[in-house]
Peer 1: 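Handing you this structure, nothing more for now.
Counting convention: from 1, in listed order, for ligands and their atoms alike. Heavy-atom basis, side chains included; hydrogens, waters and symmetry copies ignored.
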Amino acid sequence: MVIKRAIGNLIQNCINHNEQGCKIYVSVSAENSSCTITVADDGIGATNEQIEKLNNAPHYMVCDVNVTEQRHGLGLLIVKQIIEAHGGGLAIEHSSYNGFCVKITLPMYMAGQ
Ligand SMILES: Nc1ncnc2c1ncn2[C@@H]1O[C@H](COP(=O)(O)OP(=O)(O)O)[C@@H](O)[C@H]1O
Ligand SMILES: [Mg+2]
């Protein structure tokens, strides 16, 4: 499943970008009609500028899928596109553990509603 792969890649990012190691915190919560999946770490994190850039990168910067996949798995911007294609959203933030955090929100469709 593509969402599972996307989350696997966020976890892999925590590992790849923290050579000295880090704790990884994955959580899921549901409110009303949406579900939020958070992958956070207590590693080196990123600067405000990096975070701003990643959150606002236009989709044409998502260039060569194959090259990116060979290197580090799906890139963040590709993961963002996948989530948006599922009607959800992705936000990159500082984590409350002083590291990096990616928050995915997906709509939930309840039977009978
Ligand atoms: N968990 C993380 N901790 C610190 N920086 C991160 C983390 N995840 C992503 N980044 C930063 O965001 C950039 C973009 O991530 P990504 O698109 O997955 O590219 P890649 O992992 O191939 O470098 C990374 O190059 C890195 O600078
Ligand atoms: Mg990566």
Side-chain angles (χ1 to χ4, degrees):
M1 188 197 183
V2 75
I3 301 280
K4 185 173 166 183
R5 232 181 118 201
I7 292 161
N9 278 286
L10 298 180
I11 295 170
Q12 195 60 48
N13 262 353
C14 301
I15 298 165
N16 289 344
H17 297 292
N18 289 289
E19 275 180 30
Q20 81 293 1
C22 68
K23 282 196 180 133
I24 302 170
Y25 304 84
V26 182
S27 62
V28 183
S29 67
E31 34 324 284
N32 302 322
S33 58
S34 71
C35 166
T36 302
I37 304 156
T38 307
V39 179
D41 66 46
D42 66 354
I44 58 167
T47 62
N48 289 335
E49 291 73 45
Q50 277 179 299
I51 288 176
E52 162 105 20
K53 231 185 211 171
L54 288 168
N55 276 316
N56 298 311
H59 72 92
Y60 61 74
M61 284 183 67
V62 182
C63 46
D64 197 326
V65 180
N66 290 328
V67 170
T68 313
E69 282 211 64
Q70 279 161 20
R71 260 178 36 231
H72 280 315
L74 301 180
L76 267 184
L77 299 181
I78 296 165
V79 171
K80 188 173 179 180
Q81 282 203 319
I82 293 168
I83 298 302
E84 286 173 354
H86 284 76
L90 181 149
I92 296 146
E93 303 169 359
H94 295 289
S95 79
S96 55
Y97 309 99
N98 286 318
F100 200 85
C101 171
V102 180
K103 206 170 265 185
I104 289 174
T105 304
L106 285 165
M108 289 192 294
Y109 303 103
M110 307 267 197
Q113 286 191 349

Peer 1: For the pair S95 (side chain) and D41 (backbone), establish whether a donor and an acceptor sit closer than 3.5 Å, ignoring hydrogens and angles.
Peer 2: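 Looks like yes, one N/O pair under 3.5 Å.
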Peer 1: Does N55 reach the main-chain N or O of I92 with its side chain, forming a donor-acceptor pair under 3.5 Å?
Peer 2: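 Here the side-chain-to-backbone pair exists.
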Peer 1: Where on L10 is there a heavy atom closer than 4.0 Å to ligand 1, on the side chain, on the backbone, on both, or on neither?
Peer 2: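 L10 to ligand 1: no contact under 4.0 Å from either part.
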Peer 1: Hey, is A46 one of the residues with a heavy atom under 4.0 angstrom from ligand 1?
Peer 2: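 Not so, A46 does not reach ligand 1.
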Peer 1: In terms of atom number and element, which parts of ligand 1 are under 4.0 angstrom from non-hydrogen atoms of Q50?
Peer 2: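 Close to Q50: 27 (O).
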Peer 1: Assess, by modelled atom type and distance only, whether the side chains of E52 and N56 contain a donor and an acceptor separated by less than 3.5 Å.
Peer 2: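 On atom types as modelled, these side chains qualify, holding a pair under 3.5 Å.
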Peer 1: Is ligand 1 less than 4.0 angstrom away from at least one heavy atom of G43?
Peer 2: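 Not so, G43 does not reach ligand 1.
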Peer 1: Counting only nitrogen or oxygen atoms and a 3.5 angstrom limit, does G75 reach ligand 1?
Peer 2: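 No, no N or O pair falls under 3.5 Å.
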Peer 1: Which atoms of ligand 1 have any heavy atom of C14 under 4.0 Å away?
Peer 2: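 Contacts of ligand 1 toward C14, numbered from 1: 1 (N).
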Peer 1: So is Q12 touching ligand 1 or not, going by heavy atoms under 4.0 Å?
Peer 2: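 Heavy atoms of Q12 never come under 4.0 Å of ligand 1.
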Peer 1: Which atom names give the shortest non-hydrogen contact between V26 and I11, and what distance separates them?
Peer 2: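 That closest heavy-atom pairing would be CG2-CD1, 4.0 Å.
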Peer 1: Kindly work out whether a path of hydrophobic side-chain contacts (I/L/V/M/F/W/Y, heavy atoms less than 4.5 Å apart) joins V102 to I44.
Peer 2: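 Shared cluster, no.
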Peer 1: Heavy-atom count around E19 CD within 6.0 Å, excluding the residue itself: above 12?
Peer 2: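 12 or below, so no.
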Peer 1: Please work out which of L77, L54, I92, N13 has its closest non-hydrogen atom nearest to atom 18 (O) of ligand 1.
Peer 2: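 The residue whose heavy atom sits nearest atom 18 (O) of ligand 1 is N13.
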Peer 1: Is there an N/O/S atom in N13 that lies less than 2.8 Å from the Mg ion (ligand 2)?
Peer 2: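 For N13, the answer is yes, given that an N, O or S atom comes within less than 2.8 Å of the Mg ion (ligand 2).
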Peer 1: Short list, please: which atoms of ligand 1 are under 4.0 Å from a heavy atom of L76?
Peer 2: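 Selected atoms, number and element: 15 (O), 16 (P), 17 (O), 18 (O).
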Peer 1: Kindly indicate whether the side chain of L90, heavy atoms from C-beta on, has any atom under 4.5 Å from the side chain of E84.
Peer 2: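 Of all side-chain heavy-atom pairs linking E84 with L90, none is under 4.5 Å.
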Peer 1: So with a 6.0 Å cut-off around CG of N98, is the heavy-atom count from everything else above 12?
Peer 2: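 Count not over threshold, so no.
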Peer 1: Could a heavy atom of N16 be found less than 4.0 Å from some atom of ligand 1?
Peer 2: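 False for this residue.
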